[in-house]
Peer 1: 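Attaching a single structure in structure tokens format; questions to follow.
Scope of the values below: all heavy atoms of this structure, side chains included, with no hydrogens, waters or symmetry mates. Each chain gets a letter, A, B and so on, in the order the sequences are listed, and its residues count up from 1. Everything numeric in this text was worked out from a predicted model, so none of it was measured.
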Amino acid sequence: MKALIAIAALAAAPAQAEEISAATIAQGRQIYASTCAACHGADLQGQPDWKRRLVTGRMPAPPHDVSGHTWHHSDRDLFNLTKFGVAAVMGQGYESDMPGFAGKLSDAEIRAVLDYIESTWPARARDAQARITAADAAAQP
Amino acid sequence: MTFSGFPALSRRRLLVGLGAAALGSGGPPGLMRAVAGTPSGRPAGTVTALAFDQGKLLAAAAGLWISGDAGASFAPHGPGPGAAVTALATHPDLAGVIYAATLAGLARSDDAGLTWHSAGPGLPASPLDAVAIAAHDPQTVYVAVRGDGLWQSSDGARSWDFAMDRPLADQVEVDVQALASVGSLSGMGGYWVFAGTTRGVSKVPDCFCRWSSLEDTGAMQVSGDEAGAARIDPARRLPHLAVVSLALAPSVPEVLFAGLPSGIWKTTDGGSSWAAVGPAMAAPILAVDPLDPDHVVAADAGGALLSSRDGGATWADLTAA
């Protein structure tokens, strides 16, 4: 049954993604440029050599375009990673240079910037990410 | 980027070293002598890797060895890929295809191990310590490059891309000595890759976003993992010691076996909790038969060769003639 719901949600998800308004995307683009681009790159390209650790042992900022792994995370995970930071989400003493933006960005602003990031992906990645989001939602208690 | 790290001389290095010596010193004539010297039909030299292919058991030692009777007896199976083998990988959907991680790179055989060709174009010219075939996509192959990290091929080892730096354990970057593709959902649109390191096991989703602790339940939660990890009895955690081997049957991804300095450890919940199984062995090399997930074989540098038919509950000594 759960699988059926997931499939239904999955079919609906890409359509929903299209409904995000141009105004939200524009707002997200602006927040991205002022708040995220310094680390993740103006063109979402990430830090150079981002798959290799920095001398500090921490990971560089990955791209948010399709060459990175952002599109492998559900909307819920992306929201939590952005709001609370990577270290808080990972726990277990994981150290990260990705700060949490709680208190700096409102929940709506975080959603807008993520909507902007997702809007730049090709359909293949957007559909895959919509499926991950649907599966994640179905797995929540 | 090589990040600090104690030079961990592991048991595996020792094994590999011995294997290399056995191969290097002998050459073909030495190999023949070694073959003649084991009338019981056991692999000559130290077994450094094991794998099942279509119900047959392969062992890399001095040359390659094959057993059609689950390890009771072995016959020579050619010289192998030509350099000391650190790991073998097979997949139930790719009969006869074998990858060998060696001290001189990656080799692939398409005829069940008789002939080999180089399969690592684009990989760094460094020793490989581990190789695994993705459980759900046999065209995807992972290797661990010593001192470097994980590389991935999506086209059956025709081309390679750097995937991920080595994991951190206790704040130190550690080498990966064993790899396993674990076909349980990562929650990130794919599956898990488990890595046996010089200090325990780390795991990373196959999108390679970041390494995480084994005690994690998998789903990313805001600080929820502390509670999750705390639920696991500390006595059931895998020790932070060298893991030289990881083995599982792709059809049962929750059940994994790990080779530690003290012997064989087993998890039945995808790595959250572990228990030692079987007699003491020194850093055993392991293989699970994909056609029979309860069939496990273990070999160590001391010449021990054991087999279990009940998922590790009881073990038989295959060297007892």
Peer 1: Can you list every pair that meets ring-ring contact (aromatic ring centres under 6.0 Å, His included) and has a residue in residues 165-184 of chain B, with sequence neighbours left out?
Peer 2: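 Residue pairs with at least one partner in residues 165-184 of chain B: there are none.
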
Peer 1: Between A:Arg53 (side chain) and B:Glu173 (backbone), is there a donor-acceptor pair under 3.5 Å?
Peer 2: no

Peer 1: Under 4.5 Å heavy-atom distance to chain B, tell me which part of A:Glu95 shows up: side chain, backbone, both or neither.
Peer 2: side chain

Peer 1: Any side-chain heavy atom of A:His72 sitting closer than 4.5 Å to one from B:Cys209?
Peer 2: no

Peer 1: Which pair of non-hydrogen atoms, one from A:Tyr94 and one from B:Trp211, has the smallest distance, and what is that distance?
Peer 2: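 For A:Tyr94 versus B:Trp211, the nearest heavy atoms are CE1-O, 3.9 Å.
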
Peer 1: Does the side chain of A:His69 come within less than 4.5 Å of B:Met188's, by heavy atoms?
Peer 2: no

Peer 1: Main chain of B:Asp165, side chain of A:Lys51: is a donor-acceptor contact present, judged purely on distance under 3.5 Å?
Peer 2: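 Side chain of A:Lys51 to backbone of B:Asp165: no pair is present.
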
Peer 1: Checking B:Ser212 against A:Met90 for the side chain to side chain contact (heavy atoms under 4.5 Å, CB included) test, could you report, in this order, the C-alpha distance in whole Å, the side-chain angles of both residues, the deciding distance, and whether it holds?
Peer 2: CA-CA 8 Å; B:Ser212 66; A:Met90 294 300 288; 3.6 Å; yes

Peer 1: Please identify each residue that fulfils ring-ring contact (aromatic ring centres under 6.0 Å, His included) with A:His64, with sequence neighbours left out.
Peer 2: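 In terms of ring-ring contact (aromatic ring centres under 6.0 Å, His included), with neighbours along the sequence ignored, A:His64 is linked to A:His40.
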
